[in-house]
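Taking it in order: structure first as structure tokens, then the write-up.
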Number of protein chains: 2
Amino acid sequence: MQIFNSSGECAPTDFSQSVPWLAGLKPGALAAFAGLCQSKSLGEGQSIFREGAPCNELYILESGRVKCYRSSLEGREQVLNVFDRPGDTFCIASAFSTGRHIVSATAVTAARLYVLELDDARCLAHEQPSVMLKMLIAAGNQMNHLAMLAGDLSLKTVTARLAKLLYERAIKHGVRNGKEIHLRRDLLRQEELAALVGTVRVHISRALTGLVRAGGIKLSRQTIHIVDLALLERLGEER
Amino acid sequence: MQIFNSSGECAPTDFSQSVPWLAGLKPGALAAFAGLCQSKSLGEGQSIFREGAPCNELYILESGRVKCYRSSLEGREQVLNVFDRPGDTFCIASAFSTGRHIVSATAVTAARLYVLELDDARCLAHEQPSVMLKMLIAAGNQMNHLAMLAGDLSLKTVTARLAKLLYERAIKHGVRNGKEIHLRRDLLRQEELAALVGTVRVHISRALTGLVRAGGIKLSRQTIHIVDLALLERLGEER
DNA sequence: CACTACCCGTAACTTTTGTTACAGACAGCT
DNA sequence: AGCTGTCTGTAACAAAAGTTACGGGTAGTG
């Protein structure tokens, strides 16, 4: 695990390429925005912030992958959100409400972030309603995801949640029957799957072979082959 | 269960009293806002919207209590949010992202709502950044709640979640050691507690007597007496 | 007051989930 | 190739959560 860290003001041109939702902004406003942002590099596995710490920044992903999670005293982890598309904005919740982080965030891969001071974000909100609206939409998406997650955690079985996860991943990457999901390439060890689905590693192993027997997937070395997407969807919806 | 329903435009004066977060608005803006809102009455138990339905409104609570929840095919229910303070705004997530409801909402008690068309809400966002900011804060609070809930569902035991619920309720109502929580008055049957905590009725019964034995609470007819608030807090934090 | 419907406590049982342990497979390294 | 550390599959066990059933209390109703 490398740790390296650099920061500095960033140029407006960076944004236009890597933050889609700023596209509609006038050049002047964009420059102003850029002037407020710090750029930050993170090494793989590096912590961004931890549960309980005071929060006065907003983060915009430039590249890489970041996870937000909560963890128990015993060391189990529940991933709440994964951000991997440039422009993904996180920490909206804490930033605009409590002032304290309620989750932890870590760079899963090496990553680059734009960091926006909270006070500046609030100013921006007043001056650029369209930006604010984008943030509200982002917040909405994340809320939806969390609402689904919470519901599923309480109402669905581990196998169903896993099937759903695989189904959604397949859809997201445009994978159809017969294609595969590269686990290793996506940094998805069973441990990671477990944290996403809300269980422990061993159970993932069992559930995966369960899905194999059901005919939804096939397993080989580092990949999961999607055999029957419709079946996965169905299994993910029932309990 | 009575069902009655009425609606019509509402006067600006309503707002100033029942929606605290509109306080800072200029009279003109307030009037404009009021003009956009419909008022709606709901009977106890009446459904407001259901999971999967298209969503093009935003709701502001005037009075009463509303729950947002997801339910399984077998009929179990996971409550995600409860809104009971005038001015509480819900459905922000669906409104500003997917356009489809991802949860269901029902009036727990008789209730009155202001209903704002989504298009109008978006306009409002542009014209009244301060309103938008308030919404973002509301969204932030709700996200925080959901993140906590999801984490707790996966990482904590039922008893811990229940202890935490009781602790938070006590704090919210300013209840100290020796005081009580009126269940019946708050419409909290064990069935409700179960849906809040993410389990089944029977388990709540067991967990409650567990908390009694631990010395955190005492039970009598329709009330829970808080015996040791600090203990409840502790039990709610550990696993 | 008596009846009824609903709610709660408890118990026995089943299913699901988490824990511990261990051996085989694989990847990366020297 | 051989070594090492990490990841995976399996099994046996323990704990937590869900299911079904039932009797007893209480509030509300006629």
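As the structure is a computational prediction, the values presented were derived from the model and not from experiment. Lettering follows sequence order; numbering is per chain, from 1. All values below come from the heavy atoms of this structure, side chains included, with hydrogens, waters and symmetry mates left out.
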Side-chain donor/acceptor contact of R239(A) with base of dG18(D) under 3.5 Å: no

By nearest heavy atom, map I204(B) and E74(A) onto DNA chain C; which one lands nearer the 5' end? I204(B)

Within the 4.0 Å heavy-atom criterion, would you say R76(A) contacts the bases, only the backbone, or no part of the nucleic acid? sugar-phosphate

Are any of the side-chain nitrogens in E77(A) or K67(A) under 4.0 Å away from the carboxylate oxygens of its partner? yes

L193(A) atom CG is separated from dG9(D) atom C1', nearest whole Å, by 15 Å

Whole-Å distance separating the CD1 atom of I224(A) from the C1' atom of dG9(D): 14 Å

Do the two ring centres, one from Y59(A) and one from F49(A), sit under 6.0 Å apart? yes

Send over the distance from L155(B) CG to dT19(C) P, rounded to a whole Å. 11 Å

Starting at CD of Q222(A) and ending at C1' of dG9(D), how long is that distance when rounded to a whole Å? 14 Å

V200(A) near the nucleic acid: base, sugar-phosphate alone, or nothing, with a heavy-atom cut-off under 4.0 Å? base

What's the CG-P distance between D186(A) and dC7(D), to the nearest Å? 16 Å

Between dC26(C) (P) and H182(A) (NE2): distance, integer Å: 17 Å

Nearest to the side chain of H203(A), heavy atoms from C-beta on, is which of dT17(C), dT10(D), dT19(D)? dT17(C)

Could you walk me through whether I60(A) and D88(A) pass the side chain to side chain contact (heavy atoms under 4.5 Å, CB included) check? CA-CA 6 Å; I60(A) 303 170; D88(A) 277 351; over 6 Å; no

Taking donor-acceptor contacts at under 3.5 Å, does the side chain of R201(B) reach the base of dG9(C)? yes

Whole angstrom value for the distance that separates C1' of dT6(D) from CZ of R189(A): 9 Å

Is there a side-chain contact between R65(B) and T109(B), using heavy atoms and a 4.5 Å cut-off? yes

Within this structure, what is the CG-to-C1' distance between L183(B) and dG9(C), rounded to whole angstrom? 15 Å

If you round to the nearest 0.5 Å, how far is OG1 of T89(B) from CD1 of I137(B)? 11.5 Å

Heavy atoms only, 4.0 Å cut-off, all strands: where does T199(B) land among base, sugar-phosphate and nothing? sugar-phosphate

Where each residue is assigned the nucleotide of DNA chain D containing its nearest heavy atom, which of K156(B) and V202(A) is assigned the position nearer the 5′ end? V202(A)

Compare side-chain N and O positions of Q190(A) against OP1 and OP2 of dG9(D) and report whether any pair is under 4.0 Å apart. yes

Indicate, with a heavy-atom threshold strictly under 4.0 Å, whether T157(B) touches base, sugar-phosphate, or nothing. sugar-phosphate

